[in-house]
Amino acid sequence: MSVATTSRSAAPAPPRSGVSRTLVALGLGVVVITGLFLVDALAPTFFPAPLPTRAQDGLTLALSVLIESLPFVVLGVLLSIIVQVWVPPGAIERWMPRTPWARRAVLSLLGMFIPVCECGNVPFARGLLMRGFGVSDTLTFLVAAPIVNPIVIISTHAAFGFSDGILVARLIGGFLIANLIGWLYSRHPDPDKLLTERFLETCEIVVQERGGRGRRSLAQLVVELRSVMPALIIGSLIAGAVQVLIPRSALLAIGSDPALSIAAMMLLAVVVSLCSNVDAFFALSFASTFTPGSLVAFLVVGPVVDLKLYALLRTTFTTRVLVGITAVVVLAAFALGTVVNLLV
């Protein structure tokens, strides 16, 4: 049963207070700023740069993440509207295999035809859910699409070629991890429990919207932008703040250790929140210091688990789902990186 159909019969949850959310956000901001001043006052030598410089760097990094992601998010929203409103019912579904594992395998390759990064895939995946695709099928697409993607493949090849098997390991690893996550969540007894109440309310609004395709497209555009843009801005600010709060020298110091280098690069992938279309060139700058397996782990974890993406995914999936995806991706990426280090 589709999410949209289910939400039509479900009673909508009571709306959250916008004032409460604003107060919570302001409170967290005050706590963060107070913490920065305390660190600067009590441990002035902990960071090489003074607090104003770090604040300016953090804002610059946050803006760069936002500007880099925004075009792909808008493209993803437009693709979501096309799928939800303009593609006739059954046009996509009839091409999908009936067998669940085969359907998920096909969906994990759908990114080959949608050359957007992980940020743009989130609104597109929301459109698939509203259309009636299962949660496990959509998660499979979400995890695989930013990796099994023509632009990502080209950029990774341009950075590394076929040296050390980094490109091949990234593609195969991303495909297998996506299908593993899809299989795990396909066994959940109540898939709607994996989705946030706010997203179910959004489905209700979209389903009940009347009028022609132009009116429905405009309504969904407003709904999607209101859901995704605040999360993207908050995620970008968090990513910029964390990058200036964690000294990169601490990560570089452990780059030569086979196990610690994998852990360090996975942590770096979460922190820097790069677009999957360009993260290979960032990883290339660490190739002389870090092991090949750690670079593969970075390239697999980054498109699926980063601070910016967490904020976007939280508009649709529950916190428990995000924790589960993170655990599976981190463990699988660590195993993949270890295998690459042993074989290279």
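Residue numbers count from 1 along this sequence.
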### Under the side chain to side chain donor-acceptor pair (under 3.5 Å) test, residues paired with R104 that sit two or more places apart
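Side chain to side chain donor-acceptor pair (under 3.5 Å) check on R104 returns nothing, list empty.
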
### Query
What pairs with Y185 under side chain to side chain donor-acceptor pair (under 3.5 Å), at least two apart in sequence or on another chain?
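Y185 satisfies side chain to side chain donor-acceptor pair (under 3.5 Å) with no other residue.
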
If we only count heavy atoms from C-beta on, is the [X] to [Y] side-chain gap below 4.5 Å?
X: T196; Y: T315; answer: no
X: L142; Y: V122; answer: yes
X: M265; Y: L268; answer: yes
X: L180; Y: L176; answer: no
X: T138; Y: F133; answer: yes
X: V106; Y: M96; answer: yes
X: I147; Y: F175; answer: no
X: I177; Y: I181; answer: yes

Is [X] linked to [Y] within one hydrophobic cluster, defined over Ile, Leu, Val, Met, Phe, Trp and Tyr using a side-chain heavy-atom separation of less than 4.5 Å?
X: V339; Y: M266; value: no
X: I153; Y: F162; value: yes
X: L128; Y: W101; value: no
X: L343; Y: F160; value: no
X: L184; Y: L139; value: yes

List the atom of [X], the atom of [Y], and the distance in Å for their closest heavy-atom pair.
X: N341; Y: G293; result: OD1-N, 2.8 Å
X: A280; Y: L299; result: CA-CD2, 3.8 Å
X: L129; Y: T316; result: CD1-CG2, 3.7 Å
X: S108; Y: A144; result: O-CB, 3.3 Å
X: G182; Y: T140; result: CA-OG1, 3.1 Å
X: L309; Y: D306; result: N-OD1, 2.6 Å

Straight-line distance of [X] [atom1] to [Y] [atom2], nearest 0.5 Å:
X: L307; Y: L312; atom1: CG; atom2: CG; answer: 11.5 Å
X: I325; Y: L194; atom1: CD1; atom2: CG; answer: 9.0 Å
X: R103; Y: F141; atom1: CZ; atom2: CZ; answer: 15.0 Å
X: D190; Y: H188; atom1: CG; atom2: NE2; answer: 6.5 Å
X: H157; Y: L171; atom1: NE2; atom2: CG; answer: 11.0 Å
X: T156; Y: R170; atom1: OG1; atom2: CZ; answer: 4.0 Å

### Query
For L195 and V135, what are the C-alpha separation, side-chain angles and deciding distance, and is it a side-chain contact (heavy atoms from CB on, under 4.5 Å)?
CA-CA 8 Å; L195 302 171; V135 176; 4.1 Å; yes

#### Entry: Member of V301, I262, L336 meeting the side chain to side chain contact (heavy atoms under 4.5 Å, CB included) criterion with V296
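Option passing the side chain to side chain contact (heavy atoms under 4.5 Å, CB included) with V296: L336.
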
### Task
Give a yes or no on whether the backbone of F290 and the side-chain of S294 come within a donor-acceptor separation of less than 3.5 Å.
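No: the side chain of S294 does not pair with the backbone of F290.
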
